[in-house]
Amino acid sequence: HDVSLNDLFQRRYAIICACDNYKYAGSDLPTLHCAVNDARLYEKTLTAMGMEVKLLLNEECNKGNIIGVLDRAVKRFGHSKVAAQFMFIYAGHGIADKGGRGWIAPYGFQDSELHGTGLRMDRIKDFAEEVGATQQMWIFDCCHAGNVLAGRLRGASARFALNKCKRPAVQAMTAVT
């Protein structure tokens, strides 16, 4: 008898956030042309595979809403590892601050209010550690996306690195640096 992904995993959930529209007061970021279309294709594909999908597009893809859906994902899966699949996809602008730290720049982002309107990539990494799904995929289709992976294991001791290898894997895919 064939086994489906729904048979293997108690919960299967994806959050897709995408913004093309950066035309608002205070924005210096250019409009994008493919992020929202890509998000809709992800939604169609994942839904066809039986995954529940939460979609935030353009004005809905703002810092508050992104943090809100990530908070709800942590509550949904809990902190203990459960046989579940979770995906987070962000398509939009990304920036680096003067210290080289990466930020996603969702709808409403303003350079002059970086902390109030942007979301630091290491904060997103914190969510990845808190979501209790055993299989996670984090996809960032934005500039400076490589920063989401930077920092934690640089200069780590061998024991720390080996301990990390024993834990469930969290994966991230970036489209650009």
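FYI, side chains are in, hydrogens and waters are out, and symmetry mates aren't considered; it's all heavy atoms of this structure. Positions are given from 1, in the same order as the sequence printed here.
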query = Could you go step by step and tell me if Phe109 and Ser27 meet the side-chain contact (heavy atoms from CB on, under 4.5 Å) rule?
reply = CA-CA 7 Å; Phe109 176 81; Ser27 174; over 6 Å; no

task = Show the numbers, then the answer: is there a side-chain contact (heavy atoms from CB on, under 4.5 Å) between Leu55 and Ile15?
result = CA-CA 6 Å; Leu55 188 63; Ile15 297 169; over 6 Å; no

task = Evaluate the side-chain contact (heavy atoms from CB on, under 4.5 Å) criterion for residues Thr117 and Tyr107: first the C-alpha distance (whole Å), next the side-chain angles of each, then the deciding distance (0.1 Å), finally the verdict.
result = CA-CA 8 Å; Thr117 60; Tyr107 184 85; over 6 Å; no

request  = Output, in order, the C-alpha distance, side-chain angles, deciding distance and verdict of side-chain contact (heavy atoms from CB on, under 4.5 Å) for Ile89 and Asp141.
outcome  = CA-CA 8 Å; Ile89 301 166; Asp141 184 1; over 6 Å; no

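Between the SG atom in Cys17 and the CG atom in Asn65 there is a gap of 8.5 Å [rounded to 0.5 Å]. In this structure, CE in Met87 is found 14.5 Å from CD in Glu52, a value given to the nearest 0.5 Å. Distance check, rounded to the nearest 0.5 Å: NE2 of His144 to CE of Met121 gives 8.0 Å. With rounding to the nearest 0.5 angstrom, the CZ atom of Phe88 is 14.0 Å from the CE atom of Met137. Taking OH of Tyr90 as the reference point, atom CD1 of Ile124 lies at 8.5 Å (rounded to 0.5 Å). To the nearest 0.5 Å, atoms NE2 (His115) and NZ (Lys63) are separated by 8.5 Å.
Nearest heavy atoms, Ala105 versus Tyr22: O-OH, 2.7 Å. Considering every non-hydrogen atom in both Cys61 and Pro106, the closest pair reads O-CB, 3.1 Å. The shortest heavy-atom contact between Gln136 and Val131 is NE2-O, 2.9 Å. The minimum heavy-atom distance linking Ala39 with Ile16 is given by the pair CB-CG2, 3.5 Å. Nearest heavy atom pair, residue Ala35 against residue Cys19, reads CB-O, 3.7 Å.
A side-chain contact (heavy atoms from CB on, under 4.5 Å) with Leu119 is found for exactly one of Ile67, Asn62, Leu114, namely Ile67.
For an aromatic pair to be called close, the ring centres must be under 6.0 Å apart, and Trp103 with His93 fails this. Taking the six-membered ring for Trp, Trp138 and Phe127 have ring centres at least 6.0 Å apart.
Taking the side chain as every heavy atom from C-beta outward, Asn21 and Val36 never approach each other to under 4.5 Å. Proximity of Ile104 to Ile66: side-chain heavy atoms (C-beta onward) are separated by under 4.5 Å at one or more points. Using a 4.5 Å heavy-atom threshold, the side chains of Gln85 and Met51 count as touching. Residues Thr45 and Met49 meet the side-chain proximity criterion, which asks for heavy atoms closer than 4.5 Å.
Taking the six-membered ring where the residue is Trp, Phe77 and Tyr13 present tilted rings, their angle falling between 30° and 60°.
Arg40 forms no cation-pi arrangement with Tyr42, by the criterion of a distance under 6.0 Å to the ring centre and an angle within 45° of the ring axis.
A salt bridge between Glu60 and Lys54 is absent, with no side-chain N of the basic residue lying under 4.0 Å from a carboxylate O of the acidic one.
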